[in-house]
Amino acid sequence: SKDQGRGGIAYFSEEITRAIRERIALEARLRRAIGHQELRVYYQPQIDIASGRMVGAEALVRWQDPDEGLIPPSLFIPIAEESSLIVKIGEWVLRETCRQGRLWLDMGLPPMTLAVNVSPHQFRRSDINALVATVLAETGFPAGQLELEITESGLMANQDNATNILNNLHAQGVRLAIDDFGTGYSSLAYLKHFPLDVLKIDKSFIDEIPHNKDDMEIAATIVAMGHTLGFKVLAEGVETPEQLAFLQKAGCDVYQGYIKSRPIPAEEFAELLLEQQGD
Ligand code: C2E
Ligand code: CA
Ligand code: CA
Ligand code: CA
């Protein structure tokens with residue numbers, strides 16, 4: 001009946017209102033969290049496949065909420081992405097990672113490449129070049145040890161500016177990686193126009209190895225073609241010895257994944273490095 005129909009609409013609009021309220025509240029909490037130093041950077045080791053040694057880490061943000069505990073980025077990065085908050089968060093992660101990286105060097109730990117995610121929103125703003133220059137100067141972290149991860153879709157959405165921004169970052173000596181490769185629509189041939197150093201094969205192609213022959217073929221092809229174009233190739237989301245053996249055979253250069261370690265706090269990463277130094 002008519003009444004029921006209206007009831008349905010009222011119900012949905014209540015739901016929507018609630019969702020919007022929750023979202024605004026979350027945004028406000030997140031804004032406060034940045035000011036109150038509730039964000040943390042965790043580090044996931046990256047391992048050279050041939051030598052088995054750690055060569056770097058990806059910096060991944062977490063939110064240490066006093067009430068709710070450790071909140072994963074999947075619960076707040078998408079919301080941050082839709083406002084300018086992601087720019088603030090990205091800036092903070094970059095500065096914190098470079099500060100930490102400098103500290104590790106000063107402690108005498110072996111030089112590691114530290115990879116920081118750059119959101120499409122951040123990438124659209126051409127002042128990313130100035131920010132990187134400022135943070136490197138401020139912290140004294142070597143440009144050659146900093147790697148910036150840009151997603152394939154972020155690159156595609158900013159084609160006009162992308163070349164200039166990437167050329168400038170490259171000129172600063174920073175390394176550039178394409179994240180989540182294979183999930184967008186760019187071809188390797190297209191990517192060769194950019195000064196990229198690393199291709200990160202998306203986890204979705206690794207997950208079903210060794211059962212999915214298509215994925216194995218795709219992964220091996222990305223490695224081979226990536227090498228032809230002069231890129232280093234990294235596989236992410238490696239969880240099993242079978243996956244690692246396959247990637248080694250395919251000639252993949254570097255991996256990261258739970259098989260070695262989850263993302264861990266800075267102190268734990270430093271401990272892993274000290275252990276490795278002893279070997
Ligand atoms: P991503 O950049 O693709 O990062 C890799 C994600 O895969 C991380 O999730 C990592 O913990 C997870 N991962 C790594 N190895 C494995 C594995 O073997 N198995 C499984 N199941 N997962 C694995 P995390 O830390 O939850 O981050 C999720 C996403 O949030 C990131 O995906 C990235 O898109 C975004 N993110 C995290 N930190 C930042 C940041 O500082 N800035 C921006 N813009 N985005 C960030
Ligand atoms: Ca990444
Ligand atoms: Ca990724
Ligand atoms: Ca991803």
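Note that ligands are numbered from 1 as they come in the structure, with each ligand's atoms numbered from 1 the same way.
- The minimum distance between the Ca ion (ligand 2) and any N, O or S atom of E149 involves atom OE1.
- Using a 4.5 Å heavy-atom cutoff, the side chains of L136 and V174 are in contact.
- Between atom 15 (N) of ligand 1 and the options K260, Q122, Q44, Q256, the minimum heavy-atom separation is to Q44.
- Taking the six-membered ring where tryptophan is involved, the planes of W104 and F269 are tilted, since the angle between them lies from 30° to 60°.
- Taking every heavy atom of G257 and a limit of under 4.0 angstrom, the matching atoms of ligand 1 come to 15 (N), 18 (O).
- The closest approach between a heavy atom of R262 and any atom of ligand 1 is not below 4.0 Å.
- Residue contact check for ligand 1: G90 places no non-hydrogen atom closer than 4.0 Å to it.
- At a heavy-atom distance under 4.0 Å, only backbone atoms of V238 (N, CA, C or O) approach ligand 1.
- Side-chain contact between V41 and Q100 is absent, with no heavy atoms from C-beta onward closer than 4.5 Å.
- With Q243 contributing its side chain and I206 its backbone, the two residues share a donor-acceptor pair below 3.5 Å.
- Counting the atoms of ligand 1 from 1 in the order shown, those under 4.0 Å from a heavy atom of E239 are 17 (C), 18 (O), 19 (N), 20 (C), 21 (N).
- Evaluated by nearest non-hydrogen atom to atom 28 (C) of ligand 1, the leading choice among P73, P72, S261, A235 is P73.
- Taking a cut-off of under 4.0 Å to the non-hydrogen atoms of P263, the atoms of ligand 1 that pass are 11 (O).
- Closest approach between the Ca ion (ligand 2) and any N/O/S atom of E58 involves OE2.
- Near D180, the atoms of ligand 1 lying under 4.0 angstrom from a non-hydrogen atom of the residue are 3 (O).
- The distance from the Ca ion (ligand 2) to the nearest N/O/S atom of N117 is under 3.0 Å.
- Listed for the D48 side chain is a donor-acceptor partner under 3.5 Å among the backbone atoms of S51.
- Taking only nitrogen or oxygen atoms, main chain and side chain alike, E58 reaches within less than 3.5 Å of ligand 1.
- A donor-acceptor contact shorter than 3.5 Å links the side chain of Q145 to the backbone of M112.
- Between the Ca ion (ligand 3) and D179 there is an N/O/S contact shorter than 3.0 Å.
- Proximity of V61 to ligand 1, defined as any heavy-atom pair under 4.0 Å, is shared by backbone and side chain alike.
- With hydrogens and angles disregarded, a donor-acceptor distance shorter than 3.5 Å links the side chain of N167 to the backbone of T163.
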Evaluate E96 against R99 for salt bridge (charged side-chain N to carboxylate O under 4.0 Å, His left out), listing each step before the verdict.
CA-CA 5 Å; E96 172 60 19; R99 187 196 65 79; 2.9 Å; yes
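- Checked by atom type and distance alone, the side chain of E38 never pairs as donor or acceptor with a backbone atom of P66 at under 3.5 Å.
- For the residues D179, T151, T240, the heavy atom positioned nearest atom 1 (P) of ligand 1 is part of D179.
- R262 places no side-chain N or O within 3.5 Å of a backbone atom of I259 that could act as its donor or acceptor partner.
- I77 places none of its side-chain heavy atoms less than 4.5 Å from the side chain of N117.
- Under a 4.0 Å criterion applied to the non-hydrogen atoms of V93, ligand 1 contributes the atoms 41 (O).
- Side-chain contact between L155 and L191 is present, with heavy atoms from C-beta onward closer than 4.5 Å.
- For the pair E81 and ligand 1, the shortest N or O to N or O distance does not fall below 3.5 Å.
- Between OD1 of D180 and OE1 of E236, the angle at the Ca ion (ligand 3) works out to 150°, rounded to 10 degrees.
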